[in-house]
Amino acid sequence: EYTKLGKTDITISKLCVGCMSFGKAGTMHDWTLDETESEKVIRHALDLSINFFDTAIGYQSGTSEQYLGRALKDFAKREDVVVATKFLPRTQEEIDAAADSIRQMLPSHGGILVVGLGNSGVTPDALGPQVVGRTLATRHLGDELARQIGLDSLRKTAAIAPGVMGQTGIETGEIVLALVNFIRPAAVISIDALAAQDYSRLGSTIQIANTGISPGSGVQNSRKELSERTLGIPVISVGVPTVIDGATLAAQFTGQDRGKIDPEAARAMVTPREVDRMIGHAAKFISLAVNKALYPQLSLEEISFLCA
């Protein structure tokens with residue numbers, strides 16, 4: 001049986017072949033099929049008139065894509081099959097560098113609370129909640145269950161996106177402090193969207209610090225500070241600039257002194273047209289870096305699989 005892919009005119013079989021098991025052994029998991037065995041599965045699917053295959057560059061360091069591509073070249077016409085693939089938002093070297101920076105600021109032992117600050121309903125402010133949605137939480141796993149599924153060596157991690165005071169009626173700092181007092185983590189990692197002082201830095205810079213953060217301060221709506229001073233444990237803040245105020249933007253592009261720009265312009269917050277894509281890419285990058293910092297024993301492929 002066949003159907004259409006989403007709202008497109010592309011015809012796909014209702015059954016899709018997932019290609020995570022194809023690829024070079026030893027790069028992701030112990031149930032990897034080598035190229036010969038992968039080829040057999042692909043050819044059998046084609047014989048059954050299945051024309052839809054799902055892979056990713058992250059599967060077995062890209063060898064899943066390569067095995068699939070070579071098999072389809074040999075056994076099918078390219079126009080008769082549909083291949084869905086996925087890619088990492090940055091290079092592994094960049095992700096590892098960010099993960100190393102975060103890990104160096106974390107205590108060597110103890111649980112971690114990941115806090116995604118911001119409003120999930122407002123795209124430029126949704127970075128934190130989107131990162132939390134891709135964070136591997138392990139605190140809820142009992143010791144025996146964690147052992148059975150092979151996750152017993154992972155650090156105990158909890159993750160929350162507490163929303164904003166306009167939604168909850170509670171200061172974010174109060175929510176986080178209550179959680180810290182209840183679950184007793186060794187440190188907090190906070191993720192938030194930031195305001196830039198240069199338009200070129202929007203979506204292209206990541207800030208990592210251990211001095212805490214004041215949510216909303218970049219958009220003149222500063223809330224209770226999250227820091228070691230207020231929470232009693234280390235706070236590592238991670239952020240990406242997603243907005244710039246109108247006065248700063250006007251000064252940058254006109255060459256005028258910011259002090260001569262109408263103060264009302266500072267009330268306007270400007271984002272790029274492609275803000276949805278920018279937030280999505282930034283959230284993927286930060287979530288991979290945070291997960292890699294927390295679970296260095298896992299590969300990026302394993303992290304992507306466990307967080308899917």
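Positions are given from 1 along the sequence. If you're wondering where the values come from, they're calculated on a predicted model, not measured in any experiment.
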Trainee: For a 4.5 angstrom cut-off between non-hydrogen side-chain atoms, does Ile244 reach Gln252?
Mentor: yes
Trainee: Say you draw a straight line from CD1 of Ile95 to CG of Asp100; how long is it, rounded to the nearest 0.5 Å?
Mentor: 12.0 Å
Trainee: Would a 4.5 Å heavy-atom cut-off, applied to side chains only, mark Ile206 and Val238 as touching?
Mentor: yes
Trainee: Between Thr248 and Gln197, what is the shortest heavy-atom contact and its length?
Mentor: CG2-O, 3.5 Å
Trainee: Apply side-chain contact (heavy atoms from CB on, under 4.5 Å) to the pair Ser190 and Val235, showing each step before the final yes or no.
Mentor: CA-CA 7 Å; Ser190 66; Val235 176; 4.1 Å; yes
Trainee: Distance from Ser38 atom OG to Arg70 atom CZ, nearest 0.5 Å?
Mentor: 10.0 Å
Trainee: Quick check: do Val122 and Val164 have side-chain heavy atoms less than 4.5 Å from each other?
Mentor: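 Answer no - side chains too far apart.
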Trainee: Verify side-chain contact (heavy atoms from CB on, under 4.5 Å) between Asp96 and Lys292, making sure each step is shown before the conclusion.
Mentor: CA-CA 7 Å; Asp96 286 342; Lys292 187 65 174 174; 3.9 Å; yes
Trainee: Would you indicate whether Arg103, at its atom CZ, is surrounded by more than 12 heavy atoms from other residues, nucleotides or ligands within a distance under 6.0 Å?
Mentor: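 Check passes, neighbour count above 12.
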Trainee: Given 3.5 Å as the limit, does a donor-acceptor pair link the side chain of Asn51 with the main chain of Ser13, or not?
Mentor: yes
Trainee: At their closest point, which heavy atom of Ala56 faces which heavy atom of Thr85, and how far apart are they?
Mentor: CA-OG1, 3.4 Å
Trainee: For Gly212 and Ser237, work out which heavy atoms get closest and say how close.
Mentor: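 Here Gly212 and Ser237 meet closest at O-OG, 3.4 Å.
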Trainee: Ignoring hydrogens and geometry, is there a side-chain-to-backbone donor-acceptor pair from Arg78 to Lys73 under 3.5 Å?
Mentor: no
Trainee: Please evaluate residues Leu46 and Val81 with respect to the criterion side-chain contact (heavy atoms from CB on, under 4.5 Å), reporting the C-alpha separation (whole Å), side-chain torsions for both, the decisive distance (0.1 Å), and the verdict.
Mentor: CA-CA 9 Å; Leu46 292 170; Val81 294; 3.9 Å; yes
Trainee: Could you check whether any side-chain heavy atom of Tyr295 comes within less than 4.5 Å of a side-chain heavy atom of Leu306, counting everything from C-beta outward?
Mentor: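 With C-beta onward as the side chain, the pair stays apart.
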Trainee: Please determine whether the number of non-hydrogen atoms from other residues, nucleotides or ligands lying under 6.0 Å from atom NZ of Lys4 exceeds 12.
Mentor: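 For Lys4, atom NZ is crowded (more than 12 foreign heavy atoms under 6.0 Å).
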Trainee: Do Leu33 and Val83 sit in the same hydrophobic cluster, where Ile, Leu, Val, Met, Phe, Trp and Tyr count as joined when their side-chain heavy atoms come under 4.5 Å apart?
Mentor: yes
Trainee: Decide yes or no for Thr230 and Leu177: does some side-chain heavy atom of the first lie under 4.5 Å from some side-chain heavy atom of the second?
Mentor: no
Trainee: Could you work out, with ring pair (Phe, Tyr, Trp, His ring centres under 6.0 Å) as the rule, every residue matching Phe253, not counting sequence neighbours?
Mentor: Tyr199
Trainee: Please report the C-alpha distance between Asn291 and Leu298 in whole Å, then the side-chain angles of each, then the deciding distance to 0.1 Å, and finally whether the side-chain contact (heavy atoms from CB on, under 4.5 Å) criterion is met.
Mentor: CA-CA 9 Å; Asn291 282 310; Leu298 297 181; over 6 Å; no
Trainee: If you round to the nearest 0.5 Å, how far is CG of Asp198 from CG of Leu249?
Mentor: 10.0 Å
Trainee: Under 4.5 Å between any side-chain heavy atoms of Pro185 and Ile233, yes or no?
Mentor: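 In short, these two side chains touch, coming nearer than 4.5 Å.
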Trainee: Quick check: do Thr271 and Thr242 have side-chain heavy atoms less than 4.5 Å from each other?
Mentor: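 Side-chain contact under 4.5 Å: no.
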Trainee: Under the criterion side-chain contact (heavy atoms from CB on, under 4.5 Å), which of Leu106, Leu154, Ile102, Leu136 is the partner of Leu294?
Mentor: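 Per the side-chain contact (heavy atoms from CB on, under 4.5 Å) rule, the option paired with Leu294 is Leu106, out of Leu106, Leu154, Ile102, Leu136.
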Trainee: Between the main-chain N or O of Thr55 and the side-chain N or O of Ser64, is there a donor-acceptor pair closer than 3.5 Å?
Mentor: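 No: the side chain of Ser64 does not pair with the backbone of Thr55.
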Trainee: Which hydrophobic side chains are connected to Ile10, either touching it within the sub-4.5 Å cutoff or through other members that do?
Mentor: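 Once heavy-atom contacts under 4.5 Å are chained together, Ile10 belongs with Leu5, Ile12, Phe52, Val82.
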Trainee: Using modelled atom types and a 3.5 Å cut-off, is there a donor and acceptor pairing between side-chain atoms of Arg201 and backbone atoms of Ser204?
Mentor: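 Not confirmed, Arg201 side chain does not pair with Ser204 backbone.
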Trainee: Is it true that, when you exclude Glu1 itself, more than 12 heavy atoms of the residues, nucleotides or ligands shown sit nearer than 6.0 Å to its CD?
Mentor: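 No.
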Trainee: Rounded to the nearest 0.5 Å, how far apart are CD1 of Ile112 and OG1 of Thr157?
Mentor: 6.5 Å
Trainee: Provide the closest heavy-atom pair for Gly23 versus Thr63 in the form atom of the first, atom of the second, distance.
Mentor: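 Of all heavy-atom pairs spanning Gly23 and Thr63, the closest is CA-OG1, 3.3 Å.
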Trainee: Please list all pairs meeting side chain to side chain donor-acceptor pair (under 3.5 Å) that have one or both residues in residues 125-142, counting only residues at least two apart or in different chains.
Mentor: none
Trainee: Taking side-chain contact (heavy atoms from CB on, under 4.5 Å) as the criterion, tell me which of Ile236, Leu226, Val115, Val188 meets it with Ile213.
Mentor: Leu226
Trainee: Quick one: closest heavy-atom pair of Tyr2 and Lys14, and the distance?
Mentor: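 Tyr2 and Lys14 have their closest heavy atoms at O-CE, 3.9 Å.
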Trainee: Which pair of non-hydrogen atoms, one from Ala158 and one from Ile183, has the smallest distance, and what is that distance?
Mentor: CB-CD1, 4.1 Å
Trainee: Are Ile191 and Val114 packed together at the side-chain level, in the sense that at least one heavy-atom pair is separated by less than 4.5 angstrom?
Mentor: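 Yes, their side chains come closer than 4.5 Å.
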Trainee: Quick one: pull up CD in Glu35 and CD in Glu39 and give me the separation to the nearest 0.5 Å.
Mentor: 7.0 Å
Trainee: Answer with yes or no whether the hydrophobic clustering places Tyr67 together with Ile50; edges join I, L, V, M, F, W, Y residues whose side-chain heavy atoms lie under 4.5 Å apart.
Mentor: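 Different clusters.
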Trainee: Supply the atom-to-atom distance Ser304 OG to Met20 CE, rounded to the nearest 0.5 angstrom.
Mentor: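 Going from OG on Ser304 over to CE on Met20, the span is 8.0 Å.
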Trainee: Test of understanding: clusters of I, L, V, M, F, W, Y form through side-chain heavy atoms closer than 4.5 Å, transitively. Do Ile261 and Met269 belong to the same one?
Mentor: no
Trainee: Check this for me: Arg277, atom CZ, are more than 12 non-hydrogen atoms of other residues, nucleotides or ligands nearer than 6.0 Å?
Mentor: no
